[in-house]
2 protein chains.
Amino acid sequence: MTKRIAVREKVQERAEPKRAAQRIREMAGELFYRQGIRAVGVDEIVARAGVTKPSLYRSFPSKDELAAAYLRDHCDASLRRFNTAMDERPDDPRSQFRLWLADLSMRATQADYRGCGATNAAVEYPEPGHPARIQAAENKKQFRARLRALVRAMGAKRPDVLADGLLLLIEGAYASGQLFGPNGPARVLVETADALIDAHLSKAPRASR
Amino acid sequence: MTKRIAVREKVQERAEPKRAAQRIREMAGELFYRQGIRAVGVDEIVARAGVTKPSLYRSFPSKDELAAAYLRDHCDASLRRFNTAMDERPDDPRSQFRLWLADLSMRATQADYRGCGATNAAVEYPEPGHPARIQAAENKKQFRARLRALVRAMGAKRPDVLADGLLLLIEGAYASGQLFGPNGPARVLVETADALIDAHLSKAPRASR
DNA sequence: ATACAATGTTACTGACCGGTACGTGTTCGC
DNA sequence: GCGAACACGTACCGGTCAGTAACATTGTAT
């Protein structure tokens, strides 16, 4: 974040060596997500990234800030995936949302599912001022706003209430996916969300699907 | 400090000195829940419990097993609270459940809410064989069974589906309570659950509240 | 060639971690 | 009274943690 790269003439993004900071960031992302932030030491990160510890501390002021960077990456990616999924058919937001939910339901009922990285980070760091916690809260805030916009586009009468209800279901899928494996409650995610949306849209409460 | 009393003839459970194991268990419970298991060292536990480390390891084979014991206590207590709340008026399970949900909604929208200890433990210990994770999964399994029985008593047509839908909402409240503080999604917990139950009971989908 | 930026190498710090060997004091059966 | 059993404390272990200092090496651009 300090100096510039100065090689952007013709081959600025060749992936062969890959900057140390980037390798660290990616490896830290995988390890933090799979094993939890506290469970992963900086030595393990640099070892598996094929770099050394000073390289880490040249790019990140501390492990806590590296964790915050991981969360930023994590939610940038998931928010982008959500947006592109919705933008595929802007005319039918409900169907697109349903597809996204079905995908989440599938992932959340797999054996090694690990839930949402931001939620997990907040569990690991309850201290209010911690960088990882601040970033996690920011991620959640952004997703909530995005979900509200989507529900508003569905034409719900009380969009914020419905959006929060759906958010409860989604967070519930994140959490329960880790504890109950397959056959967990996340398997009913789609039809439960359907019932909820139906109720808020005053359509026929049956007749879904 | 704290001499012994040696009176267990007639009053064997006076709370004055309290066995070291019990003090450890209680203090570990508080600290583990508030700060997370990994964040709390055994030194802090014994120091704040007013005992010493060997006392801990005489009663518990390891910190991991102490964490498992904490989870057992945690969910024993919450399951007992749930049962007594339901048993107050066995004729009207839905109202009692509604009251319990309202209480959860209130707690989950307070600033320092920490969610469910079992869910948090599973986040901290993703490794499948870990004692804390095993106990956490057991807790969740028991609660799911209890919830299914309750929904069955409500007379729902597909009780397991409704119970899992409600479980998603509950776990969602646990998780989102930690990230969004007050004004978080958990504020709509009761009315969302109502809408869901209505839909499953084929009552008028409106008319809630 | 040279200058510079990025990274690696090695070694280190002090704090803290979970866990334990061993000694001390109190209580109770006799 | 006396010794065994019990509950508990003192002092310590080796390992790991996050983070740093000082220096060597590489690659690249001019």
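In what follows, every heavy atom counts, from backbone to side chain, and hydrogens, waters and symmetry copies are set aside. Protein chains get the first letters and strands the later ones, always in sequence-line order, with residue 1 at the start of each.
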### Task
Scan residues 34-47 of chain B against DNA chain C and write down, sorted by residue number, each residue with any heavy atom closer than 4.0 Å; if none is found, say none.
B/Val40, B/Gly41, B/Val42, B/Asp43
Report the nucleotide, chosen from [options], that has the shortest atom-to-atom distance to any side-chain atom of [X].
| X | options | value |
| --- | --- | --- |
| B/Ser62 | D/dC8, C/dG8, C/dG19 | C/dG19 |
| A/Tyr57 | D/dA11, D/dT20, C/dG18 | D/dT20 |
| A/Lys63 | D/dA18, C/dG8, C/dG19 | D/dA18 |
| B/Arg58 | C/dG19, D/dG9, D/dA18 | D/dG9 |

Within this structure, what is the [atom1]-to-[atom2] distance between [X] and [N], rounded to whole angstrom?
| X | N | atom1 | atom2 | value |
| --- | --- | --- | --- | --- |
| B/Arg23 | D/dC8 | CZ | C1' | 13 Å |
| A/Leu56 | D/dC17 | CG | P | 14 Å |
| B/Gln22 | D/dC8 | CD | P | 12 Å |
| A/Leu31 | D/dC17 | CG | C1' | 16 Å |

### Task
For the residue pair A/Asn120 and A/Tyr174, establish whether any side-chain heavy-atom pair is separated by less than 4.5 Å.
no
#### Entry: ring pair (Phe, Tyr, Trp, His ring centres under 6.0 Å) involving A/Tyr33 - partner list, sequence neighbours excluded
A/His74
### Query
Backbone N or O of A/Pro159 within a donor-acceptor pair of the A/Arg152 side chain at under 3.5 Å?
no
### Donor-acceptor under 3.5 Å (B/Glu124 side chain, B/Ile37 main chain)
yes
### Query
Does B/Lys53 make a side-chain donor-acceptor contact with the base of C/dG19, cut-off 3.5 Å?
yes
### Summary
Result for 5'-nearest mapping on DNA chain D, choosing between B/Thr52 and A/Pro54, is B/Thr52
### Task
Measure up the A/Phe82 and A/Trp100 rings against each other and bin them: parallel (under 30°), tilted (30 to 60°), perpendicular (over 60°).
perpendicular
### Message
Does C/dG8 have OP1 or OP2 under 4.0 Å away from a side-chain N or O of A/Ser55?
### Response
yes
### Message
Minimum heavy-atom separation for A/Phe32 and A/Arg114, please, with both atom names.
### Response
O-NH2, 4.4 Å
Indicate every side-chain donor-acceptor pair of residues 42-53 of chain B with a distance under 3.5 Å to a residue at least two apart or in another chain.
| from | atom 1 | to | atom 2 | distance (Å) |
| --- | --- | --- | --- | --- |
| B/Asp43 | OD1 | B/Lys53 | NZ | 3.1 |

